[in-house]
Amino acid sequence: MVKLLLVVTFLALAGCESETDISSPAASVSATSSIADVRTDASIEWFDGTIEEAFKIADGEARPLFLYWGAVWCPPCQEIKHTVFKSQEFIQLTRLFVPVYLDGDTDEAQAWGEKFGVMGYPTMIVFNPSGEEITRIPGGIDISRYNTVLELSLHRMRSTADLVQVALEDATQLSADEFYQLAYYSWFQDAAAVPESADRAKLFLGLSTSAPEGELSNRFYMNYLLTLVEENEAEESGKETLDAETIAADASITDPMITERLKTILSSSSLTLASWDSLAYYMEEILALKAITDVDKGSLARLWEDSLFELRFDESLSRAEKLAGWLPKLQLATADGQPLSGDLQKLLRAEMASVDEATIDSFERQSVINQMSYIYREAGLVGDAKDLLLAELEKSASPYYFMSSLGSLAEKGDNFDEALSWRKQAYENSVGEATRFQWGANYVLAMIRMAPEDQEAIEVQSSALLLEFHQSAELFVGRNFRTLKRLNENLLAWQEARNQDGLVFESEVEKLCDDQKEDSLQYQNCRSLFVEDDVEEIKVALSS
């Protein structure tokens with residue numbers, strides 16, 4: 001689900017009170033409400049110690065553990081830091097937990113990330129005092145929803161994996177609190193909660209049918225639609241071979257209620273805001289579903305556009321998420337390559353300038369400027385996006401992130417020399433072990449795409465990346481290993497396409513493999529790189 005993974009980076013906070021009564025989860029934990037009268041200038045007191053020590057203290061003091069996994073350059077991480085983590089109610093709730101901040105560049109962070117099954121930044125996980133994972137909280141939801149999920153976890157919630165098993169058997173057996181927990185779960189940042197054999201679309205549709213009407217039911221329904229989008233994109237890309245049973249099931253997905261359900265959601269301000277994290281970013285993909293007729297697509301698109309555009313100033317939305325209200329309008333206005341009208345350009349630029357001026361904090365700007373750049377590109381105003389990013393380099397706390405964005409813009413415009421220059425600068429200015437490896441790998445991958453004939457530079461730079469780590473074991477776990485795997489696949493494909501001899505990079509990685517303990521995950525991961533790829537896998541790696 002390519003776009004779903006890409007757009008996740010732009011999700012932050014959204015939501016408001018539902019028109020239906022969903023107060024029961026919060027009401028069930030009213031014993032914690034006294035936290036509101038404590039001091040109002042507090043900040044989260046992150047645990048100052050190792051992960052092992054944090055879990056030990058959580059167990060000894062019978063407190064749940066709240067884990068935040070992030071990175072300083074990550075825009076949605078900064079969004080959460082400057083919205084959720086500044087909420088005094090949220091801060092006071094964390095006093096009842098062992099709150100742990102794990103930056104992806106700290107020692108052993110990637111190993112812990114792999115153990116926890118972390119897929120990307122940011123990830124927020126709640127563990128019970130015994131160390132069992134209970135739930136993951138997504139971005140893109142209202143602050144009050146974060147607070148409610150945390151409050152619920154104080155009362156020994158069952159793990160999401162357990163609740164999924166119940167839902168697969170009979171979703172009506174779930175309590176109101178459990179529906180709430182599942183409705184505000186980070187489904188697309190966790191591959192383990194739902195069994196591989198389970199029908200995810202059927203799961204979400206069943207939850208939607210059984211959940212209390214209104215906000216919770218509709219959040220499940222949006223997950224149902226996003227799962228259909230994922231299946232549709234997988235089928236169209238040919239990445240999976242569909243058997244006869246699957247094809248028959250797909251043919252039966254002509255739910256006539258999809259249009260009516262979407263109209264109900266989009267006609268309600270509170271329901272739209274409660275599912276803003278889906279509605280703002282996936283209009284085109286959802287409207288492409290086979291179950292929606294061409295006639296309905298047009299009327300739904302207009303309602304979608306009007307609903308989100310009118311809500312873009314809602315105070316429950318953060319600065320970055322208010323801007324997302326432009327996306328459906330821009331997608332319709334620029335359909336089939338049409339240029340954005342002069343009036344819309346003028347209005348868009350005025351609103352962007354206003355948000356730019358109002359966003360003072362350099363860390364908060366990481367999220368806001370990233371969103372503004374995305375909006376400009378969606379509007380077809382690439383020059384505006386470039387000017388914005390260039391101006392931000394002097395203001396940003398992590399300018400290398402925006403250097404990479406400038407590189408992407410230049411590459412899309414076929415300005416390869418400029419693109420490679422920005423990619424190189426981004427790598428050279430990046431900070432942190434894991435970050436530098438990721439940015440350096442992106443630079444090498446860019447050279448493979450845009451300057452494949454520069455064999456010496458590619459070989460030298462790829463080998464130099466292995467020196468980024470003071471402990472080689474860190475290279476073979478978590479995000480680092482996923483980056484290494486992608487880099488290795490592309491280098492092998494590049495080598496195959498040019499009929500070259502073995503790379504020095506490959507032999508150097510093999511030497512590092514030998515340094516790992518044979519019974520370790522690092523050794524297993526490393527050795528998996530040297531399973532011979534067939535011709536088709538090489539072609540796929542090269543095209544990526």
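Atom set for the values below is all heavy atoms of this structure, side chains included, hydrogens, waters and symmetry mates excluded.
- Salt-bridge annotation for K81 and E364: absent, with no side-chain N of the basic residue lying under 4.0 Å from a carboxylate O of the acidic one.
- With sequence neighbours excluded, no residue satisfies salt bridge (Lys or Arg N to Asp or Glu O under 4.0 Å) with E394.
- F469 has its ring centre less than 6.0 Å from the ring centre of F437.
- A donor-acceptor pair under 3.5 Å links the side-chain atoms of T334 to the main chain of L330, judged by distance alone.
- Defined by atom type and a distance below 3.5 Å, a donor-acceptor pair is present between the side-chain atoms of E79 and S318.
- T94 and E45 form no side-chain donor-acceptor contact under 3.5 Å, judged by distance and modelled atom types alone.
- When only modelled atom types and interatomic distance are considered, Y376 and D387 share no side-chain donor-acceptor pair under 3.5 Å.
- Applying the ring pair (Phe, Tyr, Trp, His ring centres under 6.0 Å) test to Y101 and every residue at least two apart in sequence or in another chain returns W46, Y68.
- The closest side-chain heavy-atom distance from I286 to L228 is not below 4.5 Å.
- Looking only at distances, no side-chain donor or acceptor of R365 sits under 3.5 Å from a matching main-chain atom of K395.
- Listed by chain and number, the residues in a salt bridge (Lys or Arg N to Asp or Glu O under 4.0 Å) with D361 amount to none (sequence neighbours excluded).
- A donor-acceptor pair shorter than 3.5 Å can be found between the side chains of R261 and S208.
- Residues that satisfy the side-chain contact (heavy atoms from CB on, under 4.5 Å) test with T264, not counting sequence neighbours, are absent from this structure.
- At least one donor-acceptor pair under 3.5 Å links the side chain of D105 to the backbone N or O of T435.
- The aromatic rings of F179 and F220 stand perpendicular to each other, their planes meeting at an angle above 60°, with 30° marking the opposite boundary.
- Here Q345 pairs with R349 under the side-chain hydrogen bond (donor to acceptor under 3.5 Å, both in side chains) rule; sequence neighbours left out.
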> Going through the checks in order, is the side chain to side chain contact (heavy atoms under 4.5 Å, CB included) test met by L347 and W326?
Replying inline: CA-CA 11 Å; L347 179 60; W326 272 91; 3.8 Å; yes
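- Between R312 and E351 a salt bridge is recorded (basic side-chain N to carboxylate O distance below 4.0 Å).
- Y224 contributes no side-chain N or O that, together with a main-chain N or O of N218, makes up a donor-acceptor pair within less than 3.5 Å.
- Residues forming a salt bridge (Lys or Arg N to Asp or Glu O under 4.0 Å) with E114 (at least two apart in sequence, or on another chain): none.
- Considering only residues two or more places apart in sequence or on other chains, F66 meets the ring pair (Phe, Tyr, Trp, His ring centres under 6.0 Å) condition with F90.
- Ring orientation note: the planes of Y185 and W187 are nearly perpendicular, at an angle over 60° on the 30°/60° scale.
- Checked against salt bridge (Lys or Arg N to Asp or Glu O under 4.0 Å), E474 has no partners two or more places apart in sequence or in another chain.
- Among residue pairs with one or both ends in residues 296-311, those qualifying as salt bridge (Lys or Arg N to Asp or Glu O under 4.0 Å) are E305-K329; sequence neighbours excluded.
- By the 4.0 Å N-to-carboxylate-O rule, R219 lies close enough to D277 to be salt-bridged with it.
- Under the ring pair (Phe, Tyr, Trp, His ring centres under 6.0 Å) criterion, W439 pairs with W73, Y400, sequence neighbours left out.
- Residues passing the side-chain hydrogen bond (donor to acceptor under 3.5 Å, both in side chains) test with Q461: none are found, sequence neighbours excluded.
- In this structure, R423 forms no cation-pi arrangement with Y443, as its terminal cationic atom is not both closer than 6.0 Å to the ring centre and no more than 45° off the ring axis.
- A distance-only check finds a donor-acceptor pair linking the side chain of S341 to the backbone of L344 [under 3.5 Å].
- Qualifying ring pair (Phe, Tyr, Trp, His ring centres under 6.0 Å) partners for W422, counting only residues two or more places apart in sequence or in other chains: none.
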